[in-house]
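Heavy-atom basis, side chains included; hydrogens, waters and symmetry copies ignored. Order of the sequence lines sets the chain letters (A, B, ...), proteins ahead of strands, with each chain counted from 1.
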Number of protein chains: 2
Amino acid sequence: MTSAPQAGPEGTPALGEAAATGTGGAPAARAVPEATVARLAVYLRMLGELAEQGTDTVSSDELAAVCGVNSAKLRKDLSYVGSHGIRGVGYEVGPLLHHLESTLGLTHRQSVALVGIGNLGHALAGYGGFGGRGFPVTALFDVDPDLVGIKINGILVDHVRDIPHVCRERDVTIGMIATPAPAAQGACDLLVRAGVSCILNFAPVVLQVPEQVEVRKVDLAVELQILSFHVARRHLAEREGLDAVNGHAVVRS
Amino acid sequence: MTSAPQAGPEGTPALGEAAATGTGGAPAARAVPEATVARLAVYLRMLGELAEQGTDTVSSDELAAVCGVNSAKLRKDLSYVGSHGIRGVGYEVGPLLHHLESTLGLTHRQSVALVGIGNLGHALAGYGGFGGRGFPVTALFDVDPDLVGIKINGILVDHVRDIPHVCRERDVTIGMIATPAPAAQGACDLLVRAGVSCILNFAPVVLQVPEQVEVRKVDLAVELQILSFHVARRHLAEREGLDAVNGHAVVRS
DNA sequence: CGGTGTGAAATAATTCACAGCT
DNA sequence: AGCTGTGAATTATTTCACACCG
């Protein structure tokens with residue numbers, strides 16, 4: 001009956017301070033805000049594209065523009081991880097890219113397990129490399145006897161009951177749950193038992209986990225409902241007043 | 001060359017005030033925080049489950065528990081939409097459920113278009129009803145000649161070039177983009193031209209849209225990288241100090 | 001009582017604006 | 001001259017705590 005922190009759209013409170021002791025501790029990057037972490041991943045991707053194009057320096061303004069954030073935020077985000085831009089010039093693409101990769105823990109390949117090979121799970125299994133930089137899916141699980149034993153993308157589907165065994169063996173660090181709702185908590189428990197401490201949950205349930213486990217939720221229905229809210233609000237605003245969004249008149253295309 | 005607001009994990013600034021006029025205007029719910037909207041959708045789902053079980057009242061404590069939030073937050077969230085709980089008792093499941101549905105604009109069925117019938121798109125197309133309450137996918141688009149013309153789940157796949165025509169005809173209000181990255185902006189532009197003002201983007205790009213269009217992003221790679229960061233942090237904390245998360249010693253199961 | 005609704009306090013995230021480096 | 005790094009101000013969100021009501 002632990003309370004579930006769960007981090008979906010919203011962030012977890014923050015990141016714990018390293019230690020209360022005033023003396024010890026590393027000089028390591030401290031307390032990177034959760035919101036910042038999410039954006040670092042975006043910066044990283046764009047830096048990758050710039051690198052491919054052969055660009056070797058960017059200003060915060062330029063990088064911010066392609067990432068869709070404002071430059072002050074970008075600079076502050078980078079400052080949390082102790083960035084090393086060059087004043088008057090900008091950031092060196094290569095080194096910054098490397099630094100962010102390291103900050104995000106992408107230097108060691110993370111092994112991913114996927115539980116639930118239904119509609120969505122199948123797509124996730126075949127996603128191949130997850131947009132380039134590698135999160136190899138190394139284990140697949142389901143309960144359906146028709147699925148257990150087949151191979152998808154070269155990976156054998158094991159029975160859910162083997163999660164603890166197989167995950168430990170393949171050193172899985174991240175678990176993805178794409179089961180139907182009723183099966184999700186069970187899958188989660190098995191992953192936790194296997195020592196997996198980071199979980200990406202696609203099932204529409206709130207998972208109960210011990211506090212050392214980090215859960216992020218991707219909930220398609222919720223995303224659509226949020227958009228639906230905006231559709232409704234727009235209609236409402238359109239109907240009565242004139243100015244709707246941000247005090248500006250709605251423009252017809 | 002508009003700056004892109006884009007709302008992924010993080011929220012958009014807020015919701016605009018309805019009107020500056022002190023007098024007129026409806027008694028309508030004003031300025032619901034974005035973070036709250038996301039949670040309303042979760043409350044709604046859980047209320048649905050409670051209703052199915054035949055429960056007809058819940059306290060904020062109980063509902064909060066199953067939704068994985070704390071009860072103060074839940075009460076405040078509901079207060080933004082002018083909730084009508086009964087002091088000393090709790091909330092009536094049925095009426096509250098209905099009220100939230102209406103707030104989220106779920107009373108009018110929203111018609112959804114999906115662009116990009118690849119790996120992920122295929123799964124989304126076949127998702128069927130999106131977790132129950134209806135966001136019927138009524139239009140599918142791709143550029144691949146092998147896909148255009150086939151039916152998935154009873155819906156014909158049209159060519160991307162027909163987006164404006166078909167979307168207007170079928171009164172699409174929400175667009176989902178599941179194309180490869182390079183094609184995403186083009187798909188987006190076509191949807192916008194078709195009058196679609198809410199977009200759910202699965203492609204790993206930052207879409208440029210006019211400001212009246214609401215974009216939400218679901219980025220699998222980013223989600224994994226966020227988790228990866230936590231894996232890395234955990235390792236780091238484990239290696240040196242003892243206390244890692246929230247100042248508590250890491251407990252071995 | 002028991003539980004909601006909500007001001008006020010605390011915390012987190014964003015933006016401003018400018019000193020300081022190259 | 002240009003652009004980073006960052007304190008300080010602002011804004012958003014969460015939590016507290018308690019008056020008030022059924």
Side-chain angles (χ1 to χ4, degrees), chain A residues 3-17 29-40 42-43 56-65 67-93 95-96 99 246-247, chain B residues 3 5-17 29-40 42-43 56-65 67-93 95-96 99 246:
Chain A
S3 80
Q6 215 92 161
E10 299 343 291
T12 32
L15 299 181
E17 284 294 321
R30 68 163 170 294
V32 182
E34 183 72 11
T36 291
V37 176
R39 286 188 300 261
L40 291 179
V42 175
Y43 304 155
D56 41 44
T57 63
V58 255
S59 67
S60 61
D61 271 336
E62 293 161 346
L63 184 54
C67 294
V69 301
N70 85 22
S71 65
K73 182 147 61 181
L74 182 142
R75 289 201 301 278
K76 178 141 291 215
D77 283 343
L78 292 181
S79 84
Y80 284 121
V81 298
S83 89
H84 291 113
I86 305 160
R87 291 176 193 233
V89 179
Y91 301 89
E92 293 187 78
V93 173
L96 182 53
H99 182 59
N246 288 327
Chain B
S3 79
Q6 217 90 162
E10 301 338 295
T12 31
L15 298 181
E17 285 293 322
R30 66 156 171 297
V32 183
E34 183 72 11
T36 292
V37 176
R39 286 187 300 262
L40 291 179
V42 176
Y43 304 156
D56 41 43
T57 65
V58 254
S59 68
S60 62
D61 271 336
E62 293 161 346
L63 183 53
C67 294
V69 301
N70 85 23
S71 65
K73 182 147 58 183
L74 182 141
R75 287 200 303 278
K76 179 142 289 216
D77 284 341
L78 292 182
S79 83
Y80 284 121
V81 298
S83 88
H84 291 111
I86 305 159
R87 294 181 191 229
V89 179
Y91 300 88
E92 293 186 78
V93 172
L96 182 52
H99 183 59
N246 288 326

Figure out the CG/C1' separation between A:Asp77 and C:dT14, and round it to whole Å. 10 Å
Taking only the side-chain nitrogens and oxygens of A:Lys73, find out if one of them lies under 4.0 Å from OP1 or OP2 of C:dT15. yes
Rounded to whole angstrom units, what separation is found between the CZ atom of A:Arg39 and the P atom of C:dT14? 4 Å
To the nearest 0.5 Å, how far apart are CG in A:Leu96 and CG in A:Leu40? 9.0 Å
In whole angstroms, how far is the C1' atom of C:dA17 from the NZ atom of A:Lys76? 12 Å
Could you give the OH-to-P distance, from A:Tyr80 to C:dT15, as a whole number of Å? 12 Å
What is the distance, to the nearest angstrom, from the CG atom on B:Asn70 to the P atom on D:dC16? 7 Å
Under 3.5 Å, N/O pairs linking protein and nucleotides 1-4 of chain C:
residue	atom	partner	partner atom	Å
C:dG3	O4'	B:Gly88	N	3.1
C:dT4	OP1	B:Ser60	N	2.5
C:dT4	OP2	B:Ser60	OG	2.6
C:dT4	O2	B:Arg87	NH1	3.2

Is there side-chain contact between B:Glu62 and B:Tyr91, with at least one heavy-atom pair below 4.5 Å? no
Using the side-chain contact (heavy atoms from CB on, under 4.5 Å) criterion, which residues pair with A:Asn70? Sequence neighbours excluded. A:Ala72, A:Lys73
Does the pair A:Tyr43 and A:Leu78 meet the rule for a side-chain contact (heavy atoms from CB on, under 4.5 Å), with working shown? CA-CA 9 Å; A:Tyr43 304 155; A:Leu78 292 181; 4.3 Å; yes
Nearest-Å distance, CG (B:Leu74) to P (D:dC16)? 15 Å
Figure out the CD/C1' separation between A:Glu92 and D:dT4, and round it to whole Å. 13 Å
Just wondering, do A:Asp77 and A:Val32 contact through their side chains at under 4.5 Å, heavy atoms? no
Please list, chain by chain and in numerical order, all residues satisfying side-chain contact (heavy atoms from CB on, under 4.5 Å) with A:Asp61, sequence neighbours excluded. A:Ser59, A:Ser71
